[in-house]
Visitor: 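What follows is a single structure, and I will ask about it in a moment.
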Amino acid sequence: MPRDAETDAFLISLYKSVSDRGKFWWFGLHDQREEGSFEWVDGSALGTYSPWASEQPDNYGGSEDCVHYSSYWTTKEKWNDASCTSVFYFICQAVPGRPKATGGTLTTTVQRLSDHPQ
């Protein structure tokens with residue numbers, strides 16, 4: 001959840017490291033509960049940091065409720081709203097907690113944006 005410029009830059013660098021995978025990446029922001037009122041997948045409000053692409057968000061077609069990184073219109077990655085059913089890659093964060101060892105491997109829980117209860 002890129003709540004500030006530093007985190008945003010870090011996430012952009014992560015997705016650029018695998019940029020051959022596409023130009024669009026979900027990152028956990030949506031307005032599915034109330035149109036125009038964006039919130040993070042943890043339920044917290046958007047806040048003041050929001051580097052939207054020009055003329056975004058626009059809710060094109062009345063069905064764009066999830067937000068992704070896009071460099072489609074510009075050389076610099078900006079935020080864009082899109083339909084939540086669009087198939088894009090995603091950036092997720094491991095759920096904090098104590099990892100547990102099972103059979104010699106270290107495991108932890110990761111939740112995809114698409115699995116997050118809405």
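By convention here, the first residue in the shown sequence is residue 1.
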Visitor: Rounded to the nearest 0.5 Å, how far apart are OG of Ser50 and CD of Gln56?
Guide: 12.0 Å
Visitor: So which heavy atom on Asp8 is nearest to which on Trp79, and how close?
Guide: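 Taking Asp8 first and Trp79 second, the nearest heavy atoms are OD1-NE1, 3.4 Å.
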Visitor: Answer yes or no: is there a donor N or O on one side and an acceptor on the other, between the side chain of Ser37 and the main chain of Glu34, under 3.5 Å?
Guide: no
Visitor: Identify, with sequence neighbours excluded, every residue that meets ring-ring contact (aromatic ring centres under 6.0 Å, His included) alongside Phe38.
Guide: Trp52
Visitor: Is there a side-chain contact (heavy atoms from CB on, under 4.5 Å) between His30 and Val67? Walk through the geometry before answering.
Guide: CA-CA 6 Å; His30 67 90; Val67 182; 5.9 Å; no
Visitor: A side-chain contact here means heavy atoms from C-beta on lying under 4.5 Å apart; do Glu64 and Asp58 qualify?
Guide: yes
Visitor: Which residues pass the side-chain hydrogen bond (donor to acceptor under 3.5 Å, both in side chains) test with Ser44, not counting sequence neighbours?
Guide: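 Scan of Ser44 (side-chain hydrogen bond (donor to acceptor under 3.5 Å, both in side chains), adjacent residues dropped) gives Arg3, Asp42.
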Visitor: Tell me the closest heavy-atom pair linking Cys84 and Gln32, and the distance in Å.
Guide: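 So the minimum-distance heavy-atom pair works out to SG-NE2, 3.4 Å.
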Visitor: Search all heavy atoms of Pro2 against all heavy atoms of Phe27 and return the closest pair with its distance.
Guide: CD-CD1, 3.3 Å
Visitor: For Phe10, does the CZ atom have more than 12 heavy-atom neighbours from other residues, nucleotides or ligands under 6.0 Å away?
Guide: no
Visitor: Measure across Leu11 and Met1 and return the closest heavy-atom pair with its distance rounded to 0.1 Å.
Guide: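 Minimum heavy-atom separation between Leu11 and Met1: CD1-N, 4.2 Å.
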Visitor: Looking only at heavy atoms, which two atoms of His68 and Ala82 are closest? And how far apart?
Guide: CD2-CB, 3.6 Å
Visitor: Where is the tightest heavy-atom contact between Glu39 and Leu29, given as atom of each residue plus distance?
Guide: O-CD1, 3.3 Å
Visitor: In this structure, which one of Phe90, Phe88, Tyr69 forms a ring pair (Phe, Tyr, Trp, His ring centres under 6.0 Å) with Trp26?
Guide: Phe88
Visitor: Evaluate the side-chain contact (heavy atoms from CB on, under 4.5 Å) criterion for residues Asn59 and Asp65: first the C-alpha distance (whole Å), next the side-chain angles of each, then the deciding distance (0.1 Å), finally the verdict.
Guide: CA-CA 7 Å; Asn59 196 32; Asp65 294 321; 4.1 Å; yes
Visitor: Does a donor on one side chain and an acceptor on the other come within less than 3.5 Å for Tyr60 and Asp81?
Guide: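 No, no side-chain donor-acceptor pair sits under 3.5 Å.
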Visitor: Please check if the side chain of Asn80 supplies one atom and the backbone of Ser70 the other of a donor-acceptor pair under 3.5 Å.
Guide: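 Not at all, since once roles are kept as given, no pair shorter than 3.5 Å links the two residues.
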